[in-house]
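Below, chains carry the letters A, B, ... as their sequence lines are ordered, and counting in each starts from 1.
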Protein chains: 2
Amino acid sequence: MKISVGLVDDHQLFLKSLGLMIENFDECKVAVMAMNGKDLQERISSNDPPDIILIDVSMPVMDGIDTAKWLTQNYPFIKLVALSMNDSDRIIIEMIKAGCCAYLLKDTHPNELEKAIHEIYTKGYYNSDVININYRRLLQEQNDPLNITENEKLFLQLACSDLTYKQIGIEMHLSERTIDGYRENLFHKFKVQSRVGLVLEAIRKNCVKLNP
Amino acid sequence: MKISVGLVDDHQLFLKSLGLMIENFDECKVAVMAMNGKDLQERISSNDPPDIILIDVSMPVMDGIDTAKWLTQNYPFIKLVALSMNDSDRIIIEMIKAGCCAYLLKDTHPNELEKAIHEIYTKGYYNSDVININYRRLLQEQNDPLNITENEKLFLQLACSDLTYKQIGIEMHLSERTIDGYRENLFHKFKVQSRVGLVLEAIRKNCVKLNP
DNA sequence: TTAAAAAACGGGAAAATCCCCGTATGAGGA
DNA sequence: TCCTCATACGGGGATTTTCCCGTTTTTTAA
C-alpha cells in the first residue's frame, strides 16, 4: 500500500510537476491536488482522505494557515506538512500551531522530500535541519507576542499611507486623541519612535498588506 | 529532434519536478538545470547549448535579469523565457529588455507551458494573455523614468528609518535645507505628500532594501 | 454590585515635517 | 563672456507629529 499524498499550492506549474515527481517516488501516490484551501475542501474525499498533505503557506482565497487549521479540525488524522519559500517570519510557528508536523522549504532536495514523507508516515514527525537555526528567535517572538488590538491593526493599516492622523481619526470614526493612544501603544510594542519606523516594522513583521 | 530546454530556478523542488514534467512533454528534453545564473554559467556547454532557457526572476547569487543579460551576450541564439510568480512590477519589462522573448507566470497551466515552448521554438515568440493587461502602465513607467540622483537615493534609504531629517543631514554631511530639497524633489517624483508615502512608494518600487 | 482596568477623549506644548521665500556657487552651453 | 541650470544652503512659518498632563466612559473581574 502506497503512501497517499495530497498537494495544495496556487502555482499550477509547481503543483502539477510536484505531483508528477511524487508519483515517481516508489512509496507514494498523489491522491488529491488543489489550488488553495477552498479548492481542497471541495476536492478532498471524506471516505478516502490522503495520509499526508503538503500545504503551501502563501496562497490566495484561503491561505496555508487557515487550510491547516481546517484540516486539523476536520481531518485530524492527516499529517500536515508546510511548504514554503521563505524560512523567515514567524509564519513557521503559525503553521506548526495550526497543526503541521513539519516545515519544508521549496528549495529542499527531492530526496529529502521523499525521506521526509517517509519519516512522517512512519514516525509521525520530521525535522529539517535548515529550520532549527531560527528556532530560538521564533520561539522568543512567540513568548513575547505583539498582542495587537483589532483597532490598532486597522490603524496600523491606515498609518501605512499618506493620510494624516486627523484623517485616520475621521476614517475610523474616532477622536484624534484616541488615534494618539493607538500610536503610542504601537510605538512601545514595536520599539520605534516615529511613524516611519512603525510603518517599516509593520511591513517587516507582515502586519500590513501593501497594495501595489 | 527534440527541443532542448534549460532551467534556472533556486527552488530545488520546483527545478527538479519541472524538469521531470518537461521531460514528459513529447517534444522536449531537459539539457541543463541550474540553481542560479552563476551555476548556469558553469553548467552550460558552449558546443551544445539548449534551444530555450526558462529563467526564474528572483534568485540569490545572480538573479534572473543578470542571467538573461549574460545569456543574450554570450548565447544570443538561445531563446529566453522569464518565469515568475508576481506579474506585478516593471521587472517584467526589465526581463524583456534583458532579452527574454516571453514572460510566463508560475501558475500557468502545464499545457500552456508546453504550447509556449513549442511556439517559441517554431515562431520565436509567445504572448501570454495574462501579461498584456498591465503593459500600457509598464511602458508608461518606462517612458517616464524616475531619474533619481545618487544623493537622493542615499537619502531615500536613510529616510526609511527612525532617523529625523536633521539626523539624516548629519549622516550625509549636508545641511538640513539640502535634505529638504531632496525630500521635495522625491515627493514630486513619487507623487506623494508625506514621508510615510515616500517610504511606501520606495518599497513598492524596490528603490530601497529593507534589512530584516 | 463595586472596584479595577481599559479604552476613548481633551488641552497644551515641544519637536519634526512640510512648504514657501530667497542667495551662492560651480559646471556646461550659446 | 554671459546665461542657464543644477546643487547646496538659509530664514521663517503653517501643519503635523510626538509626548506630556489630565477626565470620562466602557469593560472586565472579583
Checklist entry - Does the distance from a Lys or Arg side-chain N to an Asp or Glu carboxylate O, for A:K191 and A:E201, drop under 4.0 Å? => result no
A:E184 CD to C:dA8 C1', in whole Å, measures 14 Å
> Heavy atoms under 4.0 Å, any strand shown: does B:T178 hit a base, just sugar-phosphate, or nothing?
Replying inline: base
Thinking salt bridges, do B:K106 and B:D56 make one under a 4.0 Å N-O criterion?
yes
Between OH of A:Y182 and P of D:dT18 the distance, given in whole Å, is 17 Å
Regarding the side chain of A:R195, the nearest nucleotide among D:dA8, C:dA8, D:dT18 is D:dT18
Counting any heavy atom closer than 4.0 Å, what does B:D180 reach on the DNA or RNA strands: base, sugar-phosphate only, or nothing? base
In whole angstroms, the gap separating C1' of C:dT17 from CZ of B:F155 amounts to 11 Å
Exercise for the section: Report yes if a side-chain nitrogen or oxygen of B:Y165 is closer than 4.0 Å to either non-bridging phosphate oxygen (OP1 or OP2) of C:dC18; otherwise report no. Expected result: yes
note: B:L174, atom CG; C:dA24, atom P; distance rounded to Å ~ 20 Å
* Asked: Would you say a side-chain N or O of A:N151 is under 4.0 Å from OP1 or OP2 of C:dA8?
  -> yes
Rounded to the nearest 0.5 Å, the CZ atom of A:F155 sits from the CZ atom of A:R183 at a distance of 7.5 Å
>> For a quick check under 3.5 Å, do B:D180 and B:Y165 share a side-chain donor-acceptor pair by atom type?
In response: no
Sorted by position of nearest nucleotide on DNA chain D, 5' first, the leading residue of B:E176 and B:E152 is B:E152
note: A:Q167, atom CD; D:dT15, atom P; distance rounded to Å ~ 14 Å
To the nearest angstrom, the CD1-C1' distance between A:I179 and D:dC19 comes to 16 Å
inquiry  = Looking only at the side chains, is there a donor atom on one of B:D162 and A:S194 sitting less than 3.5 Å from an acceptor on the other?
reply    = yes
Regarding the side chain of B:S175, the nearest nucleotide among D:dA8, D:dT16, D:dG10 is D:dG10
Here the distance between atom P of D:dT16 and atom CD of B:Q193, to the nearest Å, is 12 Å
To the nearest angstrom, the CG-P distance between A:L198 and C:dA16 comes to 18 Å
- Record whether the side chain of B:R177 comes under 3.5 Å of the base of D:dG12 through a donor-acceptor pair of N or O atoms. yes
